[in-house]
2 protein chains.
Amino acid sequence: MHDAVASDPMAHDHDACIAAAIDRVEARCRVAGLQLTPVRRRVLEILLEEHRALGAYGILDRLRAEGLGSQPPVAYRALDFLMKHGFVHRIETLNAFVACTTGANAAPEDPHMPAFLICRACRRVIETTVPTARGRLETAAEGAGFAIEHAVREAEGVCATCRRAS
Amino acid sequence: MHDAVASDPMAHDHDACIAAAIDRVEARCRVAGLQLTPVRRRVLEILLEEHRALGAYGILDRLRAEGLGSQPPVAYRALDFLMKHGFVHRIETLNAFVACTTGANAAPEDPHMPAFLICRACRRVIETTVPTARGRLETAAEGAGFAIEHAVREAEGVCATCRRAS
DNA sequence: GCTCCCAATGTAATGTTATCACATGAGTTA
DNA sequence: TAACTCATGTGATAACATTACATTGGGAGC
Ligand SMILES: [Zn+2]
Ligand SMILES: [Zn+2]
Ligand SMILES: [Zn+2]
Ligand SMILES: [Zn+2]
């Protein structure tokens, strides 16, 4: 059961949140003809269960315990698939991975621009979506004649829950 | 000699650019009572010479060739020192390091907020400074009650020079 | 039926990046 | 001198990621 105080980000119905995310991904895969194989699906579930960043070897440990694979490529291949299609994001500052928590993977024609808030106290990762419109980074790039293809926005700090706790 | 076309970012007087950067750092160290030891100074010079991101082991190779150290901690300790004081930045998406190219390390009381434009063609890293004022990431964090302590902004793409070349 | 192809997986080995643990040496202070 | 701090030397190990090659299993076309 999920009995957390109202201010806790984990206070939501996490089982439903996981099920909904899986449903969205399954729908996307059906439409796009993608194969959500057992390993890929299980890796996604593991990340959804966490709501935090998990390293490839942490995921691999779980897969091993379940008899779903034992060598690094098993985890990395599944993660590559999930990232390629926007179901999972890589957190560069942690060398780790999180499940996409915005509903945006249901709307591939309007790709979202994720930004991540990483709590150094509870290691939870909050995904926020910033408008695709031009921000300061884009402005700076434009001024330099630089064509951005991919941008990384990650902030480390303390989340609301942990701030209240201290 | 530095004989590059006018549009090339390397067209500046690179020797002077390096000397000026070293001078700034030396001045900062004198004022703050920091020890710019031979290894630390050499690591900074190596990065300044490059004007691009270099991995810790790439730096270590150079140090080894010069008899300045052979084990990873030698490079990492020097980099830790240089980063701690803002003379060098870490590029998270490359697991690599660049010398700070803004004059901001001369003004520690007004810490700058660096953002990096990484060219995937020439691997050159352009450091730009974004205003410390609130941007979209800060706005999103504020809305979530999240206190940002450190933000990473890195964009991969193609620089002006490489775009013209293609 | 069949073969051919392709995507996914299994697995060993290796490569790359980063840290730990502990010993040594130089300079400073009590 | 003894105690302390800061920087360095060095071997070992941890953590993260990729390469290479063999194998499997399900269509597509015949
Ligand atoms: Zn949830
Ligand atoms: Zn937290
Ligand atoms: Zn220069
Ligand atoms: Zn370029």
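A, B, ... follow the sequence lines: proteins, then strands. Residue 1 opens every chain. Basis for what follows: all heavy atoms, side chains included, without hydrogens, waters or symmetry-related copies.
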To the nearest angstrom, how far is [X] atom [atom1] from [N] atom [atom2]?
X: B/Leu60; N: C/dT19; atom1: CG; atom2: C1'; value: 14 Å
X: A/Asp61; N: D/dA14; atom1: CG; atom2: P; value: 14 Å
X: A/Leu94; N: D/dC16; atom1: CG; atom2: P; value: 10 Å
X: A/Leu36; N: C/dA8; atom1: CG; atom2: P; value: 11 Å
X: A/Arg77; N: D/dC16; atom1: CZ; atom2: C1'; value: 17 Å
X: A/Tyr76; N: C/dA13; atom1: OH; atom2: C1'; value: 15 Å
X: B/Asn95; N: C/dA18; atom1: CG; atom2: P; value: 5 Å
X: B/Leu79; N: C/dT19; atom1: CG; atom2: C1'; value: 14 Å

Which nucleotide in the list [options] gets nearest to the side chain of [X]?
X: B/Arg90; options: C/dA18, D/dA17, C/dT19; answer: C/dA18
X: B/Ser70; options: D/dA17, D/dT10, C/dT17; answer: D/dT10
X: A/Pro72; options: C/dG10, C/dA18, D/dA17; answer: D/dA17
X: A/Thr37; options: C/dA13, D/dT10, C/dT9; answer: C/dT9
X: A/Gln71; options: C/dA12, D/dC16, D/dT10; answer: C/dA12

Show the nearest heavy-atom pair for residues A/Val39 and A/Ala78, with the distance to one decimal.
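Closest approach of A/Val39 to A/Ala78, heavy atoms only: CG1-CB, 4.2 Å.
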
For [Y], is there any backbone N or O sitting under 3.5 Å from a side-chain donor or acceptor partner on [X]?
X: A/His89; Y: A/Pro114; result: no
X: B/Glu154; Y: B/Thr93; result: yes
X: A/Arg64; Y: A/Ser70; result: yes
X: B/Arg40; Y: B/Gln35; result: yes

The salt bridge (charged side-chain N to carboxylate O under 4.0 Å, His left out) partners of A/Arg163 (sequence neighbours excluded) come to none

| B/Gly69 or B/Gln35: which one's nearest nucleotide on DNA chain D is closer to the 5' end? |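 Mapping each residue to its closest nucleotide by heavy atoms, the 5'-most match is B/Gln35.
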
**Asked** If you find the nucleotide of DNA chain C closest to B/Pro73 and the one closest to B/Gly55, which residue's nucleotide is nearer the 5' end?
**Response**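 Its nucleotide being nearer the 5' end, the pick is B/Gly55.
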
Residues passing the side-chain contact (heavy atoms from CB on, under 4.5 Å) test with B/Glu149, sequence neighbours excluded, are A/Arg120, A/Val158

Using a cut-off of strictly less than 4.0 Å between a heavy atom of the residue and any atom of DNA chain C, enumerate the qualifying residues of residues 38-47 of chain B by number.
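Under 4.0 Å from DNA chain C: no residue of residues 38-47 of chain B.
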
- prompt: Stacking here means centres under 5.5 Å and planes under 30°; does B/Tyr57 stack on C/dT17?
  reply: yes

